[in-house]
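Worksheet for the structure shown next.
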Number of protein chains: 2
Amino acid sequence: MTSEQRRIQPRKQPRQVRAELTRQRILAAAAHIFAEYGYAAGTTNRIAEQARVSIGSLYQYYPNKDAILAELLTRHLDGDRATETLRAHKDRPDPLEQIVRVFVHTVIDNHLDDPELLRIMIEQAPRSAELLERITRLEWEMVGDLRDLLNRHPEVRVHDKDTAARLVASTVELTVHQLVASPGSIDLTRLENELVAMVTGYLRADR
Amino acid sequence: MTSEQRRIQPRKQPRQVRAELTRQRILAAAAHIFAEYGYAAGTTNRIAEQARVSIGSLYQYYPNKDAILAELLTRHLDGDRATETLRAHKDRPDPLEQIVRVFVHTVIDNHLDDPELLRIMIEQAPRSAELLERITRLEWEMVGDLRDLLNRHPEVRVHDKDTAARLVASTVELTVHQLVASPGSIDLTRLENELVAMVTGYLRADR
DNA sequence: GTCTATACATAGATAGAC
DNA sequence: GTCTATCTATGTATAGAC
């Protein structure tokens, strides 16, 4: 490469690529800081420091602190595959236990990434109307799909499908959420097995 | 009552009683404010205002903001009767379902007081080492008592008693916690029935 | 594009009068 | 014991130089 060429195309890193990289660095830093300090104590200064960017630069990429956490949350919500999993099994004659297992497994999977950050986001994220609405919608989608399943599947004997759907959704989501992050962490395979047994048994029991 | 007597005993409200009353007013106000605004936005100024006390007076009763929330949390923890309930049934030959029902019922009962405040306290309370230690101890106490029960009771067939105890404790505590406070609140009797059925079935199933 | 310096807001907490 | 006034700290966000 001659110096002649350098003069014509001096920048090796095109602007947009570099900028996107910085954005990602800030986001990663924010995930780390929020997970460690929580939302309130996870200050923009700390985030900037962790990302090795000045506070001024940080604000060039995000308009405010909430926007950072909102993007992290959006990312996670987009990665949630649990309801799709349920839908995929809707019209197939698989055994109930198998469907439940895939569902539980997917939920566990969604939580492995960064359980601490997840806790912070769910518990302390600023509940903007728009974000809250998205979360609620996703929750109800899951409950709805679950109820559909209960209504169709021949093995299901539980009477009150509506309450059952809510209970199962809460049970799986919450216990996974808690036990994955908890100290003295449970063995994940065991958690999956026991959860599947408990839920499947409940749905199949005739009372 | 003559004015002579009044001069000898002029105060109708002895100091300590009045002070205790003020303390309680501040605490009640704090409960209200925290439940409505959350921990961070539940400022000491707002609490003082709600209690109709000046901010200066508030600090005469509590050394700092955290101390107020800590006392609220302590109050709640002291009111937790779930583990005692379990112990009371330890050596009695009651049917498993009945024991589980009493346990679930107690947990629900503990959450009826002020679900919103409870959520705030559990999710956003400043995790001081001392407080965290108390909570963890209580949790493990509950898991321990549950495990004892599973080990003794003849109806219990689940193999991994340890995992089962943790799963049951989490399931009951968390689902109650969530569903009692959730909008479109579930019927509590139904919640109790379904939860009891799910847990009992799980514990009795031979796989 | 990135930095430093700083404005601005608000919270927790204290001092000192009454 | 209670108040008002105020201090101090800290965090978000912006301005302007380079």
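Quick caveat, the model's predicted, so the values are computed rather than measured. Numbered from 1 within each chain, the chains take letters A, B, ... in sequence-line order.
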Less than 4.0 angstrom between a side-chain N/O of B/Arg52 and OP1 or OP2 of D/dC3, yes or no? no
For C/dT2 and A/Arg25 - does any side-chain N or O of the residue sit under 4.0 Å from the phosphate oxygens OP1/OP2? no
Using whole Å, what does the distance between atom C1' of nucleotide D/dG11 and atom OH of A/Tyr37 come to? 15 Å
Quick check against the 3.5 Å criterion: does A/His111 have a side-chain atom that pairs as donor or acceptor with the backbone of A/Glu173? no
Phosphate oxygens OP1/OP2 of D/dT14: is one of them under 4.0 Å from a side-chain N or O of A/Tyr59? no
Write down the distance between CZ (B/Arg23) and P (D/dG1), rounded to a whole number of angstrom. 13 Å
Could you tell me whether B/Ser54 contacts a base, only the sugar-phosphate backbone, or nothing, with contacts defined as non-hydrogen atoms closer than 4.0 Å? base
Expressed as a whole number of angstroms, how long is the span from B/Leu21:CG to D/dG1:C1'? 14 Å
When the nearest nucleotide of DNA chain D is assigned to A/Arg46 and to A/Gly56 on a heavy-atom basis, which residue is associated with the more 5' position? A/Arg46
Of B/Ile55 and B/Thr22, the one whose nearest nucleotide on DNA chain D sits closer to the 5' end is B/Thr22
Are side-chain N/O atoms of A/Glu20 and A/Gln16 paired as donor and acceptor at under 3.5 Å? no
Write down the distance between NZ (A/Lys65) and P (D/dT10), rounded to a whole number of angstrom. 15 Å
Within the structure shown, what part of the strands sits under 4.0 Å from A/Tyr61 by heavy-atom distance: base, sugar-phosphate, or nothing? sugar-phosphate
Calculate the interatomic distance between A/Ile26 atom CD1 and D/dA13 atom P; express it in whole Å. 14 Å
Result of checking B/Gln124, B/Glu123, B/Met121 against B/Tyr39 for side-chain contact (heavy atoms from CB on, under 4.5 Å): B/Gln124
For A/Arg23, does the CZ atom have more than 12 heavy-atom neighbours from other residues, nucleotides or ligands under 6.0 Å away? yes
Side chain of B/Asn64: nearest nucleotide among D/dT12, C/dA13, C/dC3? C/dA13
Rounded to the nearest Å, what distance is computed from the CD1 atom of residue A/Ile68 to the C1' atom of nucleotide D/dT12? 11 Å
Below 4.0 Å: OP1/OP2 of C/dC3 and any side-chain N or O of A/Ser57: yes
If I take atom CG in residue B/Leu58 and atom C1' in nucleotide C/dA11, what distance separates them, rounded to the nearest angstrom? 13 Å
Should the pair B/Arg166-A/Glu194 be classified as a salt bridge under the 4.0 Å nitrogen-to-oxygen rule? no
According to a strict under-4.0 Å criterion, is B/Thr43 in side-chain N/O contact with OP1 or OP2 of C/dA11? no
Atom-to-atom span, CD1 of B/Ile47 to P of C/dA11 - whole angstrom: 12 Å
Counting side-chain heavy atoms from CB outward, which of D/dT2, D/dT12, D/dA13 is closest to A/Asn45? D/dT12
